[in-house]
Asks: 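Please see the structure below; I have some questions.
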Amino acid sequence: MAKEFSRACSFDPSFEQLLPYALHWNTIVEEEDFRESPIDRAQFEKFFDQDGRIADEQCFRKSVFRGGVSPEVRKEAWKFLYGYYPFQSTKREREASDVEFHYRYEALKARWKSVLGSWSEEREQEEEMKQPSPNTTKQIHSPSQNGCLELTEHISTVVKLGEDLSLPNNLHDDLHRFKFFEIQAKIYANRQPIEENLKGLKKTLRIIDKDVPRTDRDLPFFSGKNNQNLEKLRDILVTFAVFHPDVTYAQGMNDILSRFLVVLNNEVEAYWCFTNYLEKITNEFLEHGMLKKLESVQKLLQEIDPFLSQHLAICDVGDLMFCHRWLLLSFKREFVFEECIELFEIISSQHLELTSDEAERLREVERAKDFLREGGRQRLAVADINTEFTFELFICVAILHHHREDIKKCNDSASVFQFINGLTHKLDLKQVLTQAEGLVREYCRKSVISNSFEMVE
């Protein structure tokens, strides 16, 4: 006889329910709606104290997680969420940071442009057929050519871009007060090695130049001929690739960057937010990193829905390789653009990770409930939790678990892939998020109450 689990209902200690393990998860997921309204202007302003600091970072992240951010404040909120501004920075400090980040990005971009030039793919191919002349080699490696453009030559550019900087007029009048930012930016850019990897960078440019024209052309922001936003996209990708030689560029980065550029509508801010984000998920653009993440999805699905996991294995898709695109692009292709923006910021809030304060609070609540049920006796020990189970993995499993009956009708890998691809733009974002959060909460409870599950013959 199949074994089943019995435990007290968390809402009524006197009520006992008897459910197969997988069905128990399904009951919990459908139980509550955790979503709230997006953060609007009035709510956003309440996060700041009199000095312009966001005093309660966790409260801000929780609000983003609960409902996302409304378009009217998204640009400002993202600069905190993706590390462009520290949460504890004052308004005055952020104004200075704007100038510093602008100088530094312009110095980096000027550096690679001075070394690499602005080749087209055709020009690259022509140059590779020629024998490099001694003079050309000397120019590339000459100390006088290794430096970035003198920042004093484009201070006027900084002033012209004042609207992008969003600085008050008094700072434009006193840019000389930030001369040390100019010096620091020049030193920083000059210290970055480029020449020794010149050949590899040329290959990287070819890949970027193929990907950029195909990026979100259905969006007005990137549509049309000679689109300047595509030029900005290219410059950011090349700048990142040149000065992050261990990562360089990988296909998919253009899709990630496009979100930042659309929301922030500012090349400098998009570069630094994109860089901060990429530095956290670099492993996922490396083969071993993504394979490890897919293995974690397999383990989570096996724990939550072992029957579905077994069926996918029988269909020869037990490796869940179809989740690769979901994870790499944070579900960008699965939802319409506005929804993928909302999901991206919710995932990035990191409010409900298994290592978060919220997850620990859930475990504490469950321990307290058991303490009361047992008349003051502490009975439950905390089971091991797998901290590799991030919220986005719960989203993957929530999607699969919700469509388990349809997936069970598939009998081979082709039919599974066909069904999964057919979900594009057909998923209900609110439902997916509600179910994913339900799974996280139940996982936290289970990590505490696992000893109270009883095997029944």
Asks: With Glu295, which residues qualify under salt bridge (Lys or Arg N to Asp or Glu O under 4.0 Å), at least two apart?
Replies: none
Asks: Would Arg234 and Glu231 count as a salt bridge (Lys or Arg N to Asp or Glu O under 4.0 Å) here? Give the steps.
Replies: CA-CA 5 Å; Arg234 179 186 186 273; Glu231 289 296 321; 5.5 Å; no
Asks: If you define the side chain from C-beta out and look only at heavy atoms, does anything of Arg94 sit under 4.5 Å from Lys79?
Replies: no
Asks: Could you verify whether a donor N or O on one side chain and an acceptor N or O on the other, from His402 and Gln431, lie under 3.5 Å apart?
Replies: yes
Asks: For Asp412 and Ser415, what are the C-alpha separation, side-chain angles and deciding distance, and is it a side chain to side chain donor-acceptor pair (under 3.5 Å)?
Replies: CA-CA 6 Å; Asp412 56 26; Ser415 57; 2.7 Å; yes
Asks: Would you find more than 12 non-hydrogen atoms of other residues, nucleotides or ligands less than 6.0 Å from Glu360 atom CD?
Replies: yes
Asks: Are Phe222 and Val212 close enough, and set up right, to give a side-chain contact (heavy atoms from CB on, under 4.5 Å), and what steps lead you there?
Replies: CA-CA 10 Å; Phe222 292 112; Val212 166; over 6 Å; no
Asks: side-chain contact (heavy atoms from CB on, under 4.5 Å) between Phe274 and Leu261: does it pass, once the steps are laid out?
Replies: CA-CA 9 Å; Phe274 170 74; Leu261 204 51; over 6 Å; no
Asks: At their closest point, which heavy atom of Ile407 faces which heavy atom of Leu308, and how far apart are they?
Replies: CG2-CD1, 3.8 Å
Asks: Taking the six-membered ring for Trp, are Phe243 and Trp112 closer than 6.0 Å centroid to centroid?
Replies: no
Asks: Only counting residues at least two apart or in another chain, list the ones meeting salt bridge (Lys or Arg N to Asp or Glu O under 4.0 Å) with Glu93.
Replies: none
Asks: Has Gln298 got a side-chain atom pairing as donor or acceptor with Asp319's backbone, closer than 3.5 angstrom?
Replies: yes
Asks: Side-chain contact test, heavy atoms from C-beta onward, threshold under 4.5 Å: evaluate it for Phe65 versus Glu437 and give yes or no.
Replies: yes
Asks: Give a yes-or-no answer on whether the side chains of Ser97 and Tyr85 include a donor-acceptor pair shorter than 3.5 Å.
Replies: no
Asks: Donor-acceptor pair, distance only, cut-off 3.5 Å: does the side chain of Glu36 make one with the backbone of Arg66?
Replies: no
Asks: Using a 4.5 Å cut-off on heavy atoms from C-beta on, say whether the side chain of Lys292 contacts that of His288.
Replies: no
Asks: With a sphere of 6.0 Å drawn around CD of Gln418, does it hold more than 12 non-hydrogen atoms of other residues, nucleotides or ligands?
Replies: no
Asks: So do the side chains of Tyr271 and Leu108 get within less than 4.5 Å of each other, counting heavy atoms only?
Replies: yes
Asks: Let me know which of Val297, Ile346, Ile347 forms a side chain to side chain contact (heavy atoms under 4.5 Å, CB included) with Ile395.
Replies: Ile347
Asks: Determine yes or no for a side-chain-to-main-chain donor-acceptor pair under 3.5 angstrom, with Asn229 supplying the side chain and Phe221 the backbone.
Replies: yes
Asks: State, yes or no, whether a side-chain contact exists between Phe322 and Asn421 at a heavy-atom distance under 4.5 Å.
Replies: no
Asks: According to salt bridge (Lys or Arg N to Asp or Glu O under 4.0 Å), does anything in residues 344-357 pair up with another residue at least two apart or in another chain? List the pairs.
Replies: Arg74-Glu345
Asks: Check the pair Leu352, Leu362 against side-chain contact (heavy atoms from CB on, under 4.5 Å), reporting the backbone distance first and the verdict last.
Replies: CA-CA 10 Å; Leu352 194 57; Leu362 292 171; 4.3 Å; yes
Asks: Quick check: do Glu339 and Val432 have side-chain heavy atoms less than 4.5 Å from each other?
Replies: no
Asks: Is any side-chain heavy atom of Lys299 closer than 4.5 Å to one of Phe389?
Replies: yes
Asks: Would you confirm whether the ring centroid of Phe344 sits within less than 6.0 angstrom of the ring centroid of Tyr277?
Replies: yes
Asks: Distance from Phe394 atom CZ to Leu439 atom CG, nearest 0.5 Å?
Replies: 7.0 Å
Asks: Checking Arg333 side chain against Trp326 main chain: does a donor-acceptor pair fall under 3.5 Å?
Replies: no
Asks: Between Asp316 (side chain) and Ser413 (backbone), is there a donor-acceptor pair under 3.5 Å?
Replies: no
Asks: Do any N or O atoms from the side chain of Arg104 and from the backbone of Ala185 form a donor-acceptor pair under 3.5 angstrom?
Replies: no
Asks: How long is the span from the OG atom in Ser356 to the NE2 atom in His351, to the nearest 0.5 Å?
Replies: 6.5 Å
Asks: Within this structure, what is the OG-CD distance for the pair Ser348 and Glu392, rounded to the nearest 0.5 Å?
Replies: 9.0 Å
Asks: Could you go through Asp235 and Lys232, starting from their C-alpha distance and side-chain angles, then the distance that decides it, and tell me whether this counts as salt bridge (Lys or Arg N to Asp or Glu O under 4.0 Å)?
Replies: CA-CA 5 Å; Asp235 283 349; Lys232 294 176 183 178; over 6 Å; no
Asks: When rounded to the nearest 0.5 angstrom, what is the spacing between CG in Leu301 and CZ in Arg404?
Replies: 9.5 Å
Asks: Is there a salt bridge (Lys or Arg N to Asp or Glu O under 4.0 Å) between Glu358 and Arg361 once you walk through the steps?
Replies: CA-CA 5 Å; Glu358 178 67 10; Arg361 186 191 69 80; 3.0 Å; yes
Asks: Checking Thr424 side chain against Glu334 main chain: does a donor-acceptor pair fall under 3.5 Å?
Replies: no
Asks: Do you know which of Phe260, Trp78, Phe101 makes ring-ring contact (aromatic ring centres under 6.0 Å, His included) with Trp272?
Replies: Phe101
Asks: Could you point out which residue of Ile208, Leu201, Val242 forms a side chain to side chain contact (heavy atoms under 4.5 Å, CB included) with Tyr249?
Replies: Ile208
Asks: Is it true that Phe80 and Phe47 have ring centroids separated by less than 6.0 Å?
Replies: no
Asks: How close do Leu354 and Asn386 get, counting heavy atoms only, and between which atoms?
Replies: CD1-O, 3.2 Å
Asks: Is Ser63 reaching over with its side chain to a backbone N or O of Cys59, donor-acceptor style, under 3.5 angstrom?
Replies: yes
Asks: Write down the atom of Ser296, the atom of Leu393, and the distance for their closest heavy-atom approach.
Replies: CB-CD1, 3.6 Å
Asks: Report the C-alpha separation of Met290 and Leu294 in whole Å, then their side-chain angles, then the decisive distance to 0.1 Å, and conclude whether the side-chain contact (heavy atoms from CB on, under 4.5 Å) test is met.
Replies: CA-CA 6 Å; Met290 181 52 71; Leu294 289 172; 4.3 Å; yes
Asks: Ignoring hydrogens, what is the shortest heavy-atom contact between Cys315 and Cys410? Give both atom names and the distance.
Replies: SG-O, 3.4 Å
Asks: In Å and rounded to the nearest 0.5 Å, what is the CG to CZ distance from Asp428 to Phe335?
Replies: 8.5 Å
Asks: Any carboxylate oxygen within less than 4.0 angstrom of a Lys/Arg side-chain nitrogen, looking at Arg41 and Glu45?
Replies: yes
Asks: Kindly give the heavy-atom pair with the smallest separation between Val416 and Leu312, and that separation in Å.
Replies: CG1-CD2, 4.1 Å
Asks: Please report the closest heavy-atom contact between Thr215 and Asp211, naming both atoms and the distance.
Replies: OG1-O, 3.0 Å
Asks: I'd like to know if the side chain of His244 reaches the main chain of Phe240, judged simply by a donor and an acceptor atom lying under 3.5 Å from each other, with no hydrogens or angles considered.
Replies: yes
Asks: In Å, rounded to the nearest 0.5 Å, how long is the span from CG of Asn254 to CG of Asp216?
Replies: 8.0 Å
Asks: Find out whether Lys75 and Asn266 are in side-chain contact, i.e. whether some heavy atom of one side chain is under 4.5 Å from a heavy atom of the other.
Replies: yes
